[in-house]
Number of protein chains: 2
Amino acid sequence: MSTNPRGPVSRRERPAKPALSREGIVATAVAVMRAEGLEKVTMRRLAQELDTGAASLYVYVANMAELHAAVLDQLLGEVELEPSGETWRDRLAGVLASYTDVLLQHPALARAAISVRPAGENYLHLVERILALLLEGGASRVQAAWGVDLLLQLATASAAEHSTRLQSGSSEAEWDALTHTVREAPGETYPNLHALAGELLSGSPQARFDWFFGVLVTGILRTPSDPRSS
Amino acid sequence: MSTNPRGPVSRRERPAKPALSREGIVATAVAVMRAEGLEKVTMRRLAQELDTGAASLYVYVANMAELHAAVLDQLLGEVELEPSGETWRDRLAGVLASYTDVLLQHPALARAAISVRPAGENYLHLVERILALLLEGGASRVQAAWGVDLLLQLATASAAEHSTRLQSGSSEAEWDALTHTVREAPGETYPNLHALAGELLSGSPQARFDWFFGVLVTGILRTPSDPRSS
DNA sequence: ACCTGAACACCGTTCAAGT
DNA sequence: ACCTGAACACCGTTCAAGT
């Protein structure tokens, strides 16, 4: 009869329930999201996964929004900050494409990312990197600072918009409906819409991303900030 | 004892329940949203308002997303499409500012607008007007078509981001937290973030809007679409 | 201080049954 | 064809009570 120096053996059924912690909760949230999507990341589901009650989680996270922000920051760790590329422009395009990719893999998160400010480490690293590349490209201090905002906002919005199209069951039908609406727009009421229907619906996502990126970079470098405000 | 030629008078308590219709449902949804916000626009609440059961609404709208799209299109009727302004550029800025204003008045709708494609009349009129202004400014066909997308996407994202800051009870505290994070970012790990903290947090919403708008217009007119795709 | 069960006040959507 | 009640399968958050 060997004795366990660490005390009596009790509840041998499962490994001792690990203590709750903010990191544990966020890690579980990320795992559930990867497996089943952000929709399934609910307080009740997380609690079940951690073998406790939903109310217990509120000791470590203030609410759902804060949890979403933490999950998002965690995901941002996957963004490629040092992509290959000859010029600063290619590297900047690479970082943004990687950011967009990460969001596209998690449709619901892309939507959440628009209203959520992740103030975590990974978000800061991303901002830092984009600032560096813009400065390398010759942007002024204000151009770089405001430019980051503009670039991230657009990348996020594009991912959110695209991701809804991808996931929602009705994606195909909805796209058809939009196509139909544009193509059938009467030329008397909507002359330009009618004339440019082809262009409005043209372009692969890649081609559009490239053009959008070009527009922003060109604009950022050529547009001085309002002299009255600097 | 007068007789009613239209039949026996029954249920004199309230005016006869009006027949359900898609327009009636959307109008009620808009009214509830104006009064109490999009969060309160639920199937159950709308049904209550219309003196019926939630299930009955599904005869006229497919689901919540479709209802949101209809509400959004209705709201877009308030956008000023003919603002005063000397140049096409001023008028375009006016249209976009008005669009942003409308969304800012309804925070939750701004967020919904990112993933929702309103295919209604008012949305089409907005697109038509922006196309016309861009063409007037000398944009090519593709520049105008893709430019509308870019301008609307960015205006929507800005409104969504800003509106969350405005409404969420914790807005002030969250903004302080972000400010603090940026100001306290260690210079060794985040040299650029640290050096540009002032610029990152600078600028009134108006100043940023003006600069963003300038960046997009400049970029749209100067960036040719990829020759391989046109 | 941390954890819990139970409750509060809700959701969207489906479906069998009625008219 | 349209409308209904009831049910299904959930939510986030709070709070008194325990340890």
Side-chain angles (χ1 to χ4, degrees), chain A residues 7 10-11 14 16-26 28-29 32-33 35-71 107-109 111-112 115-116 164 167-170 173-174, chain B residues 7-8 10-11 14 16-26 28-29 32-33 35-71 108-109 111-112 115-116 164 167-170 173-174:
Chain A
S10 58
R11 292 184 276 95
R14 350 181 183 188
K17 201 168 102 176
L20 284 177
S21 70
R22 196 187 151 89
E23 295 86 59
I25 293 168
V26 173
T28 307
V32 170
M33 187 197 59
E36 304 174 49
L38 192 67
E39 300 78 30
K40 302 286 176 162
V41 178
T42 67
M43 292 296 192
R44 291 169 125 103
R45 172 65 190 277
L46 255 27
Q48 184 190 310
E49 213 79 28
L50 292 162
D51 200 13
T52 182
S56 306
L57 305 178
Y58 286 83
V59 176
Y60 305 96
V61 292
N63 51 45
M64 243 331 193
E66 201 198 280
L67 187 58
H68 280 166
V71 169
L109 196 64
R111 256 161 288 144
S115 28
V116 142
T164 320
Q167 71 146 193
S168 93
S170 52
E174 260 172 40
Chain B
S10 57
R11 292 184 278 96
R14 346 181 186 192
K17 201 166 100 175
L20 284 177
S21 71
R22 195 186 151 90
E23 295 85 59
I25 292 169
V26 173
T28 307
V32 170
M33 188 197 60
E36 303 173 48
L38 192 66
E39 300 78 30
K40 302 285 178 163
V41 178
T42 67
M43 292 297 192
R44 290 169 126 102
R45 172 64 191 277
L46 254 29
Q48 184 191 310
E49 213 79 29
L50 292 162
D51 199 14
T52 181
S56 306
L57 306 178
Y58 286 83
V59 176
Y60 305 95
V61 293
N63 52 44
M64 242 333 192
E66 202 197 281
L67 187 58
H68 281 165
V71 169
L109 196 64
R111 256 162 288 146
S115 26
V116 140
T164 320
Q167 71 145 192
S168 93
S170 53
E174 259 171 43

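Letters go in sequence order (proteins before strands), and every chain restarts at 1. Bear in mind the structure is a predicted one, so any value in this text is a computation, not a measurement.
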Quick one: CZ on B:Arg45 to CG on B:Leu50, what's the gap to the nearest 0.5 Å? 10.5 Å
Interatomic distance, B:Arg45 CZ vs C:dC10 P [rounded to whole Å]: 10 Å
Options D:dT13, C:dG12, C:dC3, nucleotide nearest the side-chain atoms of B:Met43: C:dG12
Would you mind classifying the nucleic acid contact of A:Ser56 as base, sugar-phosphate or nothing, using non-hydrogen atoms under 4.0 angstrom? base
Complementary nucleotide for C:dC8 - Watson-Crick or wobble, under 3.5 Å: D:dG12
Assess whether a salt bridge exists between A:Arg22 and A:Glu66, defined as any Lys/Arg side-chain N lying under 4.0 Å from an Asp/Glu carboxylate O. yes
Protein-nucleotide distance (B:Leu46, atom CG; C:dC11, atom P), rounded to Å: 11 Å
Quick check on D:dC3: is either OP1 or OP2 less than 4.0 Å from any side-chain nitrogen or oxygen of B:Tyr60? yes
Could you please name the option among D:dT13, D:dG12, C:dG12 that lies closest to any side-chain atom of A:Thr42? D:dG12
In whole angstrom, give the distance that lies between atom OH of B:Tyr58 and atom P of C:dC11. 12 Å
Nearest-Å distance for atom pair CZ/P, residues B:Arg44 and D:dC8: 13 Å
Shortest side-chain distance from B:Met64, nucleotide among D:dG12, C:dC3, C:dG12: C:dG12
Using the C1' atoms only, state how far C:dC10 lies from D:dA9, rounded to an integer number of Å. 14 Å
What is the separation between atom CD on A:Glu39 and atom P on C:dG12, rounded to the nearest whole Å? 16 Å
Taking CG from A:Leu57 and P from C:dC3, how many angstroms apart are they, rounded to a whole number? 10 Å
Between A:Ala55 and A:Lys40, just flag the one whose closest nucleotide in DNA chain D comes earlier from the 5' side. A:Lys40
Distance, rounded to the nearest Å, where A:Leu38 contributes CG and D:dC11 contributes P: 13 Å
Nearest-angstrom distance from the residue atom CD of A:Glu66 to C1' of D:dG12: 15 Å
Measure the spacing between CG of A:Asn63 and CE of A:Met43 and express it to the nearest 0.5 Å. 6.5 Å
